[in-house]
Amino acid sequence: MEHEVFVPVPAEVLRATLTDPARVVRCVPGFQRDADAEAGPLAGRLKVRVGGNTITYRGALKVVERDGAVNYEGQGTEARGKGTAELSLTVVLTPVAEGTSLSFTGALTAAGRLAEATEEARATAGARLLDKFVEALAALAEEPEPEPERAEPDTADDTEDTEDTDDDGVDDGVEEPRRESVFDAPVPPPSLDPLLAEELADTPIEFPAPQPAAEAAHARRTMIGRSAEEVDHAPPRGRYAPVPAPESTSAGATLRWIAPAAALALASAVVVGRALRRRR
């Protein structure tokens, strides 16, 4: 596979970007870096679209500068499958007028889904991937490099020197009186009435007497409400109260008042009969 692209960026600037793994990883389209820092900046997942399929490879890429050219060597395995791919890409930078010419020469060895694609589909996918890589490379190379952080001046020595000098900043050999700091000023007493403070100090503090256990339980029940046992066993009230069932009359209940009435009637009859006999 061969591909050539012109970039309007000086060759030395492009070389510095192509040999920096931290900047190369930002130019590879579809690349997702691993979260593990020990794996390296060019280790992760790469999504490649070939034809109508998208294949995700998991692997790593190495950057080697050899004989004035930049070489990329990488290998990976399919994230969903058993396919593999090995890539060897050489980038040659040629300075030209108003820019640099990049010549890509690569060799690909694949097995699996990528090998099943046609040669034309693989060439089209490779050219599209390199064009996007070069566009990101040119945009990144034109960005200004971040300025190094400036070290803060060490003020420890200056502080020590000012402590040895007089208050006016001039060491004339004459010791001047030391000025008091704001933090050395005495703290004024609180603005409270002294008579009120004495009365509060002499007045004993009275604590309420503890309530009996029964009154305390009644108070808790009044404040909190019914206890859990009362709530569990108490019947519902209001509209949800159960309707009492009508009282059913039975033969036993009837006999309870018939038997005494019959005995009373019989005794009355006996008394009336005896009274009639006596009159005769």
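Sequential numbering from 1 along the given sequence is applied to the chain's residues.
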Pair Arg45 + Asp34: basic N to acidic O under 4.0 Å: no
Minimal non-hydrogen separation, Val70 against Leu18, with atom names: CG1-O, 4.0 Å
Spacing of CG belonging to Leu130 relative to CD belonging to Glu135, to within rounding of 0.5 Å: 11.5 Å
Rounded distance (nearest 0.5 Å) linking atom OG1 of Thr105 with atom CD of Glu2: 5.0 Å
Heavy-atom pair with the smallest gap, counting every atom of Ala115 and Ala110: CB-O, 3.6 Å
Distance-minimising heavy-atom pair for Leu140 and Cys27: CD2-SG, 3.7 Å
Within-4.5 Å side-chain heavy-atom neighbours: Leu89 and Leu108: no
Check: Ser101/Glu4 side-chain N/O donor and acceptor closer than 3.5 Å: yes
Side-chain heavy-atom pair Tyr72, Leu87 within 4.5 angstrom cut-off: no
Close side-chain approach of Leu102 to Leu93, heavy-atom, < 4.5 Å: yes
Exam field: side chain Thr100 to backbone Val9, donor-acceptor pair closer than 3.5 Å: yes
Evaluation steps, side-chain contact (heavy atoms from CB on, under 4.5 Å), between Arg128 and Arg49: CA-CA 10 Å; Arg128 182 172 61 250; Arg49 185 170 183 83; 4.3 Å; yes
Salt bridge (charged side-chain N to carboxylate O under 4.0 Å, His left out) between Glu65 and Arg15, intermediate numbers included: CA-CA 10 Å; Glu65 190 174 5; Arg15 185 180 300 275; 3.4 Å; yes
Arg58 side, atom CZ; Glu78 side, atom CD - distance, nearest 0.5 Å: 14.0 Å
Non-hydrogen atoms of Val50 and Arg122 that approach each other most closely: CG1-N, 4.3 Å
Result of checking Leu276, Val272, Val271, Val270 against Arg274 for side chain to side chain contact (heavy atoms under 4.5 Å, CB included): Val270
Shared hydrophobic cluster for Phe133 and Leu129 (ILVMFWY, side-chain gaps under 4.5 Å): no
Geometric class of the His3/Phe104 ring pair [parallel <30°, tilted 30-60°, perpendicular >60°]: tilted
Test item: Leu137 and Val7 side chains (from C-beta on) under 4.5 Å apart, heavy atoms: no
Exercise: identify the closest heavy-atom pair between Leu114 and Tyr57: CB-OH, 3.1 Å
Check: Arg113 and Asn53 side chains under 4.5 Å, non-hydrogen atoms: yes
Where Pro21 and Leu42 come nearest, the two heavy atoms and their spacing: O-CD2, 3.9 Å
